[in-house]
Amino acid sequence: MANFPVINMEKLNGAERGDAMELIKDACENWGFFELLNHGIPHEVMDNIEKLTKEHYKKVMEQRFKDLVASKGLEGVQAEVTDMDWESTFFLRHLPVSTISQVPDLDDNYREAMRDFAKRLEKLAEELLDLLCQNLGLEKGYLKKAFYGSSAPNFGSKVSNYPPCPKPDLIKGLRAHTDAGGIILLFQDDKVSGLQLLKDGEWVDVPPMRHSIVVNLGDQLEVITNGKYKSVEHRVIAQTDGARMSIASFYNPASDAVIYPAPALVEKAADDEKVYPKFVFDDYMKLYAGLKFQPKEPRFEAMKAAQTA
């Protein structure tokens, strides 16, 4: 199997830009995932976020997770657990309005660091969307505009810790799913692995690399590109040793954004290719909420059926 795609963004600024763009194009069309190096977020910013996130887990989240495990009897499970994940999480919203000041138990230092990190990730997400536009032959800004709706995109982060698990064969860190939204930027632990994607029927490890940002495409980009790019099933395998940290930041359409295939890409589609549905993003999210861990195709079919009803 080909190597997991790793893109050095510095190469976009010189003579190797064409090769780097081709790598991004191949990653989007054939993997749905890629890993970025030299993406412009300073290493010291990432190191500080990692340190603060791990400290926050130890101070605030760890005991809560242990209590949850004990209350559900997960230490001694004998059969596969299919209705929950071995992860400790909390959520932060950045756009259209930040909730960072309302999230309990965060110290001021951590709040400020998260605000700064989110601004940098937002800029990177928008830069990436324009690179995708260029590869797709869409005008610059098309994808950002498609995500905007009446105010601003939805942008938020899921902060996760995956503690050591006594039965990783029976309980997943995070069950297999595709992401509902737009473009996802992940800052993951570089020492403890666990993230895998499904490629050609096989689970492939997403390599932990220091100071990298992992990018994956959500269902909405599959719709807008009319299937040229696809969201890909992925999961997290719990580990018996080491706690894995991850911060997944989701740059998604606004709740009232109307999502549909870009007309320029539908015109290029062969006659026998299906055209994806048109829908309001919030309607898709309501459907996704109950079907996250099921295949995406029935979700698209349900949206299509609603469109023609």
Side-chain angles (χ1 to χ4, degrees), residues 1 4 31-33 35 49-92 103 105 156-180 184-210 212 214 216 218-219 231-250 288-296 298-299:
M1 184 172 286
F4 184 87
W31 288 80
F33 267 78
E35 200 153 358
I49 283 287
E50 181 176 359
K51 175 172 113 20
L52 292 170
T53 300
K54 289 182 173 178
E55 284 174 359
H56 178 263
Y57 174 73
K58 278 281 180 204
K59 190 167 81 179
V60 175
M61 309 288 287
E62 186 174 42
Q63 191 56 49
R64 288 181 196 165
F65 185 74
K66 286 178 177 172
D67 292 346
L68 174 74
V69 166
S71 73
K72 294 193 175 291
L74 292 175
E75 291 278 1
V77 293
Q78 301 299 320
E80 188 176 358
V81 176
T82 57
D83 61 349
M84 68 172 294
D85 304 302
W86 189 269
E87 64 171 357
S88 166
T89 63
F90 67 95
F91 296 86
L92 302 169
V103 176
D105 307 320
S157 297
K158 175 188 175 188
V159 182
S160 303
N161 281 275
Y162 299 91
C165 176
K167 302 277 182 76
D169 52 330
L170 295 178
I171 182 164
K172 296 281 181 293
L174 180 58
R175 290 161 285 165
H177 64 287
T178 65
D179 287 329
I184 298 87
L185 281 65
L186 172 73
F187 174 28
Q188 68 165 348
D189 205 293
D190 64 300
K191 296 179 182 67
V192 184
S193 64
L195 179 61
Q196 297 182 327
L197 66 98
L198 192 62
K199 177 163 171 59
D200 303 327
E202 289 180 34
W203 287 105
V204 178
D205 290 326
V206 177
M209 296 174 73
R210 187 135 184 82
S212 73
V214 177
N216 71 286
D219 295 349
S231 59
V232 169
E233 216 174 309
H234 53 285
R235 67 184 185 184
V236 176
I237 298 297
Q239 308 289 343
T240 51
D241 299 310
R244 177 178 176 268
M245 177 215 78
S246 89
I247 302 171
S249 297
F250 300 82
Y288 180 84
L291 303 172
K292 175 176 177 175
F293 299 109
Q294 294 179 29
K296 62 188 169 181
R299 300 197 290 263

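Fair warning: this is a prediction, and the values are worked out from it, not measured in the lab.
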Under 4.5 Å between any side-chain heavy atoms of [X] and [Y], yes or no?
X: Thr82; Y: Phe293; answer: no
X: Leu174; Y: Lys158; answer: yes
X: Pro208; Y: Val192; answer: no
X: Asp189; Y: Lys54; answer: yes
X: Asp67; Y: Gln63; answer: yes
X: Val81; Y: Lys167; answer: no
X: Arg244; Y: Val236; answer: yes

Donor-acceptor contact below 3.5 Å, side chain [X] vs main chain [Y]:
X: Glu75; Y: Val69; result: no
X: Lys296; Y: Ser231; result: yes
X: Arg299; Y: Gln294; result: yes
X: His177; Y: Arg235; result: no
X: Trp86; Y: Pro163; result: yes

Where [X] and [Y] come nearest, the two heavy atoms and their spacing:
X: Leu186; Y: Ser246; value: CD1-CB, 3.7 Å
X: Val232; Y: Trp31; value: CG2-O, 3.1 Å
X: Phe33; Y: Leu195; value: CE2-CD2, 4.3 Å
X: Ile171; Y: Cys165; value: CG2-SG, 3.4 Å
X: Ser160; Y: Glu87; value: OG-OE1, 3.8 Å
X: Gly173; Y: Tyr162; value: O-CE2, 3.4 Å

Distance from [X] atom [atom1] to [Y] atom [atom2], nearest 0.5 Å?
X: Lys59; Y: Leu52; atom1: NZ; atom2: CG; answer: 9.5 Å
X: Asp179; Y: Phe250; atom1: CG; atom2: CZ; answer: 5.0 Å
X: Thr53; Y: Ile247; atom1: OG1; atom2: CD1; answer: 3.5 Å
X: Gln188; Y: Glu50; atom1: CD; atom2: CD; answer: 10.5 Å
X: Leu68; Y: Leu74; atom1: CG; atom2: CG; answer: 6.5 Å
X: Leu198; Y: Glu233; atom1: CG; atom2: CD; answer: 5.5 Å

Stepwise salt bridge (Lys or Arg N to Asp or Glu O under 4.0 Å) check, Glu80 with Arg175: CA-CA 12 Å; Glu80 188 176 358; Arg175 290 161 285 165; over 6 Å; no
Between Asp83 and Lys72 (salt bridge meaning N to carboxylate O under 4.0 Å), is one present in this structure? no
Please name the residue in the list Glu35, His234, Gln196 that meets the side chain to side chain contact (heavy atoms under 4.5 Å, CB included) test with Val206.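 Among Glu35, His234, Gln196, the one that satisfies the side chain to side chain contact (heavy atoms under 4.5 Å, CB included) with Val206 is Glu35.
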Assess, by modelled atom type and distance only, whether the side chains of Tyr57 and Glu62 contain a donor and an acceptor separated by less than 3.5 Å.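 Looking only at side-chain atoms, Glu62 and Tyr57 do not form any donor-acceptor pair under 3.5 Å.
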Should we count CG of Asp241 as having more than 12 external heavy atoms under 6.0 Å? no
